[in-house]
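In what follows, a structure is listed as structure tokens, so that the remarks can point back to it.
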Amino acid sequence: MENLLGIVIAAIFINNIVLTKFLGLCSFFGISTRVKTAVMMGMAVTFVATCSSLITWLVHRYFLVPFHIEYMRIVAFILVIASFVQLVEITIRKLSPPLYRAFGIYLPLITVNCAILGVTLINVDVERYSFPAAVVNGFATGLGYSLAILMMSGMRERLEISDAPSSFRGLPLAFLTAALLALAFQGFSGMVE
Amino acid sequence: MVGKKEVKPVAVLVITCVVWGALLGLIHGATKERIEEAERAELYRTLSEIFPGAQFSEENGRYVCMENGEVVGYAVVVEERGFGGRMEVVVGVSPEGTVVGVRVVSHGETPGLGSKITEEGFLAQFGGKRLEEIALKKDGGEIEAVTGATISSRAAVRAVRKGLENLRG
Amino acid sequence: MKVQEFTKGILKRNPVLGLVLGLCPVLAITTRVENALGMSVAFTFVIVLSNLLISLLKRFIPRDVRIPTFIVIIASFVTIVEMLIHGYSPSLYEQLGIFLPLITVNCIVLGRAEAFASKRPVPETLLDTLGMSVGFSLSILVISFLREFFGTGKVLVFGHQVVPGLLSSPATGMILPPGAFLVMGILLALLKKARVI
């Protein structure tokens, strides 16, 4: 039995999905210019990562493994994620138009966010987690993503009004900021055994 | 009633999935043996690094290593949780129960730090050791940890111990 | 058919250093030049073949489900390349890890399918995706070369030392995560300064 608290701390700090595993980078750099949008994106990713981890683990164990078609996992997982995201989009559009206006535009982006497919593959392929561990890992990975994108957007809002050399303005400076953040996260190495 | 307009997109998507599923099944059938073969070849190559010149055969999940009709040792593949995730280690043991050699097959340790557990300088320390002696020096054993990678080193030690225990049992 | 459909992907609209897309493999597997070579081959296979097929089938794919259809086609080619690499080079398969299956959600592949292959004829799609592949491969080779050289002091490709060990004390940080962001940031700033991209 895995240590669930250990998984949470590892997924948020030690093996942060963005800063040490390099997943979800496109949205990390693309949507981190404003704190408000970063918070929304973080919440949406956390929700989808948790539910996708849950569904794909079940699909893998009770559908792919019994039929010996584990090699179809990439196609199966991406379809599960895409349909789930579509379903959520339709549901919140019907139930809560204001929530849809806030989240709607982020949902389609999440289908092709490699953090989601990445975490589902890590659950069944790389770490071979048990069911509770996989769900907890999905949730904690989402939190780790939210933490990283929130810090990044906070810094980028300030960097925008700072006097930087013109060739460094914008993305180059964002990458250097990410380098410093990643360096700081390296300091968490060895926190959990 | 569902109109023709709604049916077509769904039908196309379903057909795409079915056709590709079948195609992937065919390709999987064609490459399956090749993949198993390649994995076995890779494992036997690792085993012959530990037991040079020996022949290998599988028996209940462990590997018997023979040379000129004599058993020169046993080997087993063990999984252990390291610092950066799951690691796979091959442990070769002599019939007397001492370690002959250790190889790390896959790992997720930090490049340049934890990854040094795959290097000969660290792994050679296990050679000739018995189960009782295998622990890090700071844990009262005889294995020197890789500098700056105590957790990775400790995981490797646990893997070797697990391998020895598996083969003994 | 114009040659610029091919050349635009290499410099002007380089997918990695110009459009800054498909970053996950760019930063994750560039710790060694060898891995970057493997990723280039896998990426080229997937983007060229999946986009050719999409361009061929574009008339039959309904607009409403085009994205899921594209994704299924791309995911299938990724599965094929995964099986082939697993069978022919298990060590490369191990090195690329989950970044091989993650080519499925690489924004460059889906981006070209949506923006180009689904609207243009097959020959132009071939030129476009080949250009993008060359641009992608060049970018990750440059990044991995810089990281491996400064991070380990030498560059090893298939056991051959391509660059002699010049650095006596390499900066290990370059092959750790922060080094990836650092190299990328400095490269982007230099290219911006030189006004190449």
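Lettering of chains follows the sequences in order, A, B, ..., and the numbering in each one begins at 1. Note that the structure is predicted; figures quoted are calculated from it, not measured. No hydrogens, no waters, no symmetry mates; every other heavy atom, side chains included, goes into these values.
Taking C:V78, C:L102, C:L182 one by one and counting their heavy-atom pairs under 4.5 Å with chain A, the maximum is reached by C:L102. Residue with the most contacts toward chain A among C:A180, C:C107, C:A189: C:A189 (heavy-atom pairs, distance under 4.5 Å). Between chain C and the residues A:I116, A:L23, A:L25, the most heavy-atom pairs under 4.5 angstrom are made by A:L25. Counting heavy-atom pairs under 4.5 Å between each of A:G170, A:C26, A:A82 and chain C puts A:C26 at the top. Interface summary for chain A: among C:N106, C:T79, C:I186, the most heavy-atom pairs under 4.5 angstrom belong to C:T79. Per-residue counts of heavy-atom pairs under 4.5 Å with chain A were compared for C:L21, C:V183, C:L27; the largest is that of C:L27. Note: C:C24 leads C:A75, C:C24, C:S76 in heavy-atom pairs under 4.5 Å with chain A.
At most 12 non-hydrogen atoms from other residues, nucleotides or ligands lie less than 6.0 angstrom from OH of C:Y88. Residue A:R169 places its CZ atom among more than 12 non-hydrogen atoms of other residues, nucleotides or ligands, all under 6.0 Å distant.
Of the two parts of A:R73, only the side chain, counted from C-beta on, holds a non-hydrogen atom closer than 4.5 Å to a non-hydrogen atom of chain C. Contacts of A:V126 with chain C are made by side-chain atoms alone, with heavy-atom separations under 4.5 Å and no backbone atom involved. Heavy-atom distances place the side chain of C:T104, and not its backbone, under 4.5 Å from chain A. The contact between A:F29 and chain C is made entirely by side chain atoms (from C-beta outward), counting heavy-atom distances below 4.5 Å. Of the two parts of A:L79, only the side chain, counted from C-beta on, holds a non-hydrogen atom closer than 4.5 Å to a non-hydrogen atom of chain C. In this structure, chain C has heavy atoms under 4.5 Å from both the backbone and the side chain of A:A178. In this structure, the portion of C:L110 lying under 4.5 Å from any heavy atom of chain A is its side chain and not its backbone. Residue contact with chain C, scored on non-hydrogen atoms closer than 4.5 Å, involves the backbone and the side chain of A:L19 alike.
Listed here is the closest heavy atom pair of A:I74 and C:P101: CD1-CB, 3.7 Å. Heavy atoms only, all atoms of each residue included: A:V18 and C:F181 are closest at O-CZ, 4.0 Å. Minimum heavy-atom separation, C:M83 to A:Y71: CE-CD1, 3.3 Å.
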Run the numbers on C:V105 and A:N113 for side chain to side chain contact (heavy atoms under 4.5 Å, CB included), then give the verdict. CA-CA 7 Å; C:V105 282; A:N113 186 326; over 6 Å; no
Determine whether C:V20 and A:F175 satisfy the following criterion, side chain to side chain contact (heavy atoms under 4.5 Å, CB included), listing intermediate values before the conclusion. CA-CA 11 Å; C:V20 200; A:F175 273 96; 3.9 Å; yes
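Distance CG/C:L190 to OG/A:S167: 8.0 Å, rounded to 0.5 Å.
Looking at C:K192, its side chain never comes within 3.5 Å of a backbone N or O of A:P172 through a donor-acceptor pair.
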